[in-house]
Amino acid sequence: MGEIKLMKGNEALAEAAIRAGLQGYFGYPITPQSEVVEYLAREEPKHNYVLLQAESEVAAVNMLYGAGGAGARVMTTTSSPGFSLMQEGISYIACAQIPCLFANIVRGGPGLGTIQPSQSDYFQATKGGGHGDYHLIVLAPNSVQEMVDHVYLGFELADKYRSPAMLLSDGAIGQMMEKVQLPDPIEYKPDKPWATTGKKPGQERNYLTSLYIQPEEMEEKNIELQAKFKKIEENEVRFEEYKTDDAKIIIVSFGLSSRISKKSVDMAREAGLKVGLFRPITVWPFPANKIADIAARKQVNFFISIEMNAGQMVEDVKLAVNGKKPVYFYGRMGGIIPTPKEILTAVQARSRS
Amino acid sequence: MLEEMVFAGFGGQGVLSMGTILAYAAMKEGKNVSWMPSYGPEMRGGTANCMVNISDKEISSPIVNEYDMAVVLNLPSLHKFESNVKQNGILIWESSTIKEKPKRKDIKTYGIPALKIAAEELKNIKVMNMVVLGALLQINNDLVKKESVLLALKETLPERHHHLIPLNEKALILGGRLVKQ
């Protein structure tokens, strides 16, 4: 395995994309994500990728659609307001089944909001985000190392399922530095017979579209997409458990807040409270079956979802628990990061009530 | 071992780079590190800070409530972070900038006139942060080795600034001496 470096999450993401064989990046700067494009611009002369600062996020996502359609390994990164602007294009990409990678380095909203870290784009990321019935494969890194690992994984899953994939990260993970181990660069050789790379004599024309004007055709396309989503749900669920085996209280948390919650678990254990942490790594597909298993355990008293938003993932936790145990929520909004102690206090308050 | 620290001061005083160099040095020794900057609007003209954690185990939260050690280089930072130092923890404050003394008696406090030393003895106030770091390494002498800090300086400073390494090294030594006295 490759070098050890001290890197910011955003820089690590950019470096990982280069090493994973990035062929095209189209984006528009926005805090707290701008280091990605800065890093890619600085490194561009040494590599073969196309780097283009688009005139807007709307343009960037459509460039991704085009280049991805031609079979290139492509990525864009943005932060919340920019990701909203991309939604129309993402819906087209999902329907046309173009593999590509998005990263949303989430900041507090709604609106132009704040530049501080948040997880308030969970609904948008996991429920499709744009119009129509679709999902992205959504990975939620919680460390700088995972900003690297999930780029590799995201590209791989995107290709495997001909689907857009995304990293749902946040401003804190983007801005903080940690030790990372960088994987060896790979030589990317796309194997995409469907790509629009030019029709050869005697060959059928490749055609990528999201327009199926006949409802019967549109329904058929939907059935095909739903079958694919089902396959992803069956095969690609990822999660991490921490001290859940004997836990009476289960914290469910993703991304940055799962890191903070992990410390709260240790603090709770020191205080004699049996708390464990369940962390979805893929927030779509959501690890609902595993949560249902845990909910069936006798010793589990309740779940509490810890998020940096007004309570979004808690809905998925409730669906998974399906009434077997109480599901509570604690969160902070607008770019405020909860402290480990604050989370512990919220857990203790529920355990007394 | 887990050392939770905060470095705070005005933007431009070098608090972020002080934290970076320390984190880098610890990483070079094989430790786990996290460095979390404040990157909000407060950075423009106001105070900047970074939280640095160093551990020989996995670091759970990069954000903490209380610090084993706080390094403050201006008065607003002293006010903000003094109360968040753990009992028996360490507070290092820049005593030629901050005219108020820390109030707490249940922590160890070290007033370091780093700006004065940098201006008078080193003729370059930009290395003030390295004077403070030198003092820190003397106070908490099993955190990282001095050689690792020198290596960190070499590897984190852009090549065009490498001629300043001897000056930084001198600043570290002078900072260390301030504590011995």
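Lettering of chains follows the sequences in order, A, B, ..., and the numbering in each one begins at 1.
A:Ser257 pairs in a side-chain hydrogen bond (donor to acceptor under 3.5 Å, both in side chains) with only one of the listed residues (A:Gln119, A:Arg332, A:Glu307), which is A:Gln119. Tested against A:Glu240 for a salt bridge (charged side-chain N to carboxylate O under 4.0 Å, His left out), the candidates A:Lys290, A:Arg259, A:Lys262 yield a single pass: A:Lys262.
Looking at A:Tyr39 and A:Met7, their side chains come closer than 4.5 Å, going by heavy atoms from C-beta outward.
For a heavy-atom cut-off of 4.5 Å, chain A lies close to B:Ser60, B:Ser61, B:Pro62, B:Ile63, B:Val64, B:Asn65 in residues 60-78 of chain B. Contact residues of residues 263-271 of chain A toward chain B are A:Lys263, A:Met267 (heavy-atom distance under 4.5 Å).
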Would you sort out whether A:Ser118 and A:Asp170 count as a side-chain contact (heavy atoms from CB on, under 4.5 Å), showing the intermediate values?
CA-CA 6 Å; A:Ser118 174; A:Asp170 69 71; over 6 Å; no
Could you please spell out the steps behind the side-chain contact (heavy atoms from CB on, under 4.5 Å) verdict for B:Val33 and B:Val52?
CA-CA 7 Å; B:Val33 296; B:Val52 176; 5.7 Å; no
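For A:Tyr330, there are no ring pair (Phe, Tyr, Trp, His ring centres under 6.0 Å) partners at least two apart in sequence or on another chain.
For A:Leu256, the part lying under 4.5 angstrom from a heavy atom of chain B is the side chain only. Contacts of B:Ile54 with chain A are absent, with no heavy-atom separation under 4.5 Å from either backbone or side chain. Heavy-atom distances place the side chain of A:Lys8, and not its backbone, under 4.5 Å from chain B. Heavy atoms closer than 4.5 Å to chain B are found in both the backbone and the side chain of A:Ile260.
Note: A:Gln175 leads A:Glu342, A:Glu178, A:Gln175, A:Lys341 in heavy-atom pairs under 4.5 Å with chain B.
A side-chain N or O of A:Gln33 and one of A:Thr77 form a donor-acceptor pair less than 3.5 Å apart.
Screening residues 9-30 of chain B for side chain to side chain donor-acceptor pair (under 3.5 Å), with sequence neighbours left out, gives B:Ser17-B:Asn129, B:Thr20-B:Trp35, B:Tyr24-B:Glu155, B:Lys28-B:Glu155, B:Glu29-B:Lys31, B:Glu29-B:Ser148.
The aromatic rings of A:Phe102 and A:Phe83 sit perpendicular to each other, their planes meeting at more than 60°, with 30° as the lower class boundary.
Distance alone, capped at 3.5 Å, places no donor-acceptor pair between the B:Ser55 side chain and the B:Ile59 backbone.
Counting non-hydrogen atoms of neighbouring residues, nucleotides and ligands closer than 6.0 angstrom, the NZ atom of B:Lys145 reaches no more than 12 such neighbours. Within 6.0 Å of the NZ atom in B:Lys86, the count of heavy atoms belonging to other residues, nucleotides or ligands exceeds 12.
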